[in-house]
Amino acid sequence: MHHGAHIQNSDKYVDYCHQLLCKLRRVNPQLDIDGEKNIWISKPRALSRGRGIRCRNDLKDICSLGWKWVVQKYIERPLLVYGTKIDLRQHFLITDWYPLTIWFYKHSFLRFSSQPFTLESLDTAIHVCNSAIQRKLKNAPNRHPNLPEENMWHSDEFKEYLCTIGKEQVWDSIIIPGMKKALIHTMKAARENVKYKKNSYDLFGSDFLFGENFQPWLLEIQYKPDITKDTSVMKKIVPPMVEDILRVVIDYKDDPNCNVGGFELIYKQF
């Protein structure tokens, strides 16, 4: 190419490649978030708060882990904010498993990595946004100045950011519907394995990553998620959410028309 070489009838090959990608996309919905590094993320089965999580791209290393690990394909083309990886913690409430009843909280928060994103390094500091990990690290000096010092945004701040890049519509048209759909299908699939006591409830924290097209991808769901008020964002979200949980669990049982605050009933099996 550098010496003037070219492919004859290249348009024909471009069309063929485009058709092949379309065929792949129909059978592989994750095609747009995959990359060329073949990176996988491994997590110890019974640990929390980001402990033991590592990115790996060596097959022999991955296969040697044993059965006490969860291994997922890493999203190599995530949505970045100011060149930095993010994920989103979305809380939801289940007030009954039979019939399955799911409540979705309207406020959420984003977590940022302390380091600029790159695939040239598999350092956990770059690729895992878990607050328990990031709070122990120093923010990189070359980070964008608009990134939050405490590495957290309220969902309202994220929506403001989407407006600045001309994508304000994706929150209601892609992100929220995609998260609701993922949670409903996941809870329906998991229900048979849940040990449930009647007249109890469960608060969950689900973690989502986004592709470059803003499509949400469910990473994992935390049982009894950490709601420590250790940042300005958590101080804003947690107190009203706890109050709204009481509205749903206590008030709604006697008055289906009562104020349930920030919770929305997104699924009830009949």
How close do [X] and [Y] get, heavy atom to heavy atom, and via which atoms?
| X | Y | value |
| --- | --- | --- |
| Asn199 | Lys253 | OD1-NZ, 3.6 Å |
| His107 | Ser155 | CA-OG, 3.8 Å |
| His91 | Phe109 | CE1-CE2, 3.8 Å |
| Ala140 | Pro116 | CB-CD, 3.7 Å |
| Met152 | Phe112 | N-CD1, 3.9 Å |

Any heavy-atom pair between the side chains of [Y] and [X] that's under 4.5 Å?
| X | Y | result |
| --- | --- | --- |
| Leu203 | Met241 | yes |
| Lys60 | Asp58 | yes |
| Trp97 | Asp202 | yes |
| Pro239 | Lys229 | yes |
| Asn151 | Arg143 | yes |
| Ile174 | Pro216 | yes |

Inspect the surroundings of OH in Tyr82 and state if more than 12 heavy atoms from other residues, nucleotides or ligands are less than 6.0 Å away.
-> yes

Step through the shown structure and confirm whether more than 12 heavy atoms of other residues, nucleotides or ligands are within 6.0 Å of OH on Tyr196.
-> yes

Check the hydrophobic clustering (I, L, V, M, F, W, Y; side-chain heavy atoms under 4.5 Å; chains of links allowed) and say if [X] and [Y] are grouped together.
| X | Y | result |
| --- | --- | --- |
| Phe117 | Leu209 | no |
| Met187 | Ile266 | yes |
| Ile41 | Leu88 | no |
| Phe104 | Leu100 | yes |
| Ile53 | Leu119 | yes |

Is a side-chain donor-acceptor pair under 3.5 Å present for Gln269 with Lys188?
-> no

Are Ser114 and Gln134 linked by a side-chain donor-acceptor pair shorter than 3.5 Å?
-> yes

Measure the spacing between [atom1] of [X] and [atom2] of [Y] and express it to the nearest 0.5 Å.
| X | Y | atom1 | atom2 | value |
| --- | --- | --- | --- | --- |
| Glu220 | Phe204 | CD | CZ | 13.5 Å |
| Leu218 | Thr186 | CG | OG1 | 5.0 Å |
| His154 | Lys235 | NE2 | NZ | 15.0 Å |
| Ile7 | Tyr13 | CD1 | OH | 8.0 Å |
| Asp244 | Lys106 | CG | NZ | 8.0 Å |
| Leu162 | Phe214 | CG | CZ | 6.0 Å |

Counting N and O atoms only, with roles assigned by atom type, does the side chain of [X] sit under 3.5 Å from a partner on the main chain of [Y], one being a donor and the other an acceptor?
| X | Y | answer |
| --- | --- | --- |
| Glu76 | Ile39 | yes |
| Asp87 | Asn130 | no |
| Ser108 | Gln90 | no |
| Thr84 | Ser113 | no |
| Asn9 | Lys12 | no |
| Glu212 | Ile33 | no |

Hey, what's the ring geometry for Phe158 with Trp153, parallel, tilted or perpendicular (30° and 60° as the breaks)?
-> tilted

Between Trp103 and Tyr252, what is the ring plane arrangement, given parallel below 30°, perpendicular above 60°, and tilted in between?
-> perpendicular

With ring centroids as reference points, do Phe92 and Tyr105 lie under 6.0 angstrom apart?
-> no

Residues at least two apart in sequence or cross-chain that pass salt bridge (Lys or Arg N to Asp or Glu O under 4.0 Å) with Asp230, listed by chain then number, are Arg135

Glu120 meets the salt bridge (Lys or Arg N to Asp or Glu O under 4.0 Å) criterion, sequence neighbours left out, with Lys37

Thr101, Val260, Leu265 screened by side chain to side chain contact (heavy atoms under 4.5 Å, CB included) with Val248, the one that passes | Val260

Please report the C-alpha distance between Ile62 and Ser42 in whole Å, then the side-chain angles of each, then the deciding distance to 0.1 Å, and finally whether the side-chain contact (heavy atoms from CB on, under 4.5 Å) criterion is met.
-> CA-CA 8 Å; Ile62 294 170; Ser42 58; over 6 Å; no

Hits for ring-ring contact (aromatic ring centres under 6.0 Å, His included) against Tyr16, two or more places apart or cross-chain, chain-then-number order -> none

Only pairs at least two apart or in different chains count here, so list each ring-ring contact (aromatic ring centres under 6.0 Å, His included) that has a residue in residues 56-81.
-> Tyr74-His127

Got a sec, which pairs hit ring-ring contact (aromatic ring centres under 6.0 Å, His included) with one end in residues 35-62, sequence neighbours left out?
-> none

Taking 4.0 angstrom as the limit, do Asp96 and Lys198 come out as a salt bridge?
-> yes

Note: Asp156-Lys159 ion pair, threshold 4.0 Å (strictly below) = yes

Taking Asp34 as the fixed residue, which of Lys73, Arg77, Arg25 is the one that meets the salt bridge (Lys or Arg N to Asp or Glu O under 4.0 Å) rule?
-> Lys73

Check against side-chain contact (heavy atoms from CB on, under 4.5 Å), Ile221 and Leu183 | CA-CA 9 Å; Ile221 295 177; Leu183 293 178; 4.1 Å; yes

Residues Met234, Thr228; criterion side-chain contact (heavy atoms from CB on, under 4.5 Å); working and verdict = CA-CA 7 Å; Met234 293 300 284; Thr228 305; over 6 Å; no

Asp207 and Arg89: CA distance, side-chain angles, deciding distance, side-chain contact (heavy atoms from CB on, under 4.5 Å) verdict | CA-CA 5 Å; Asp207 294 337; Arg89 169 60 60 88; 2.5 Å; yes

In the hydrophobic clustering (ILVMFWY, side-chain contacts below 4.5 Å, transitive), which residues join Val70, or is it alone?
-> none

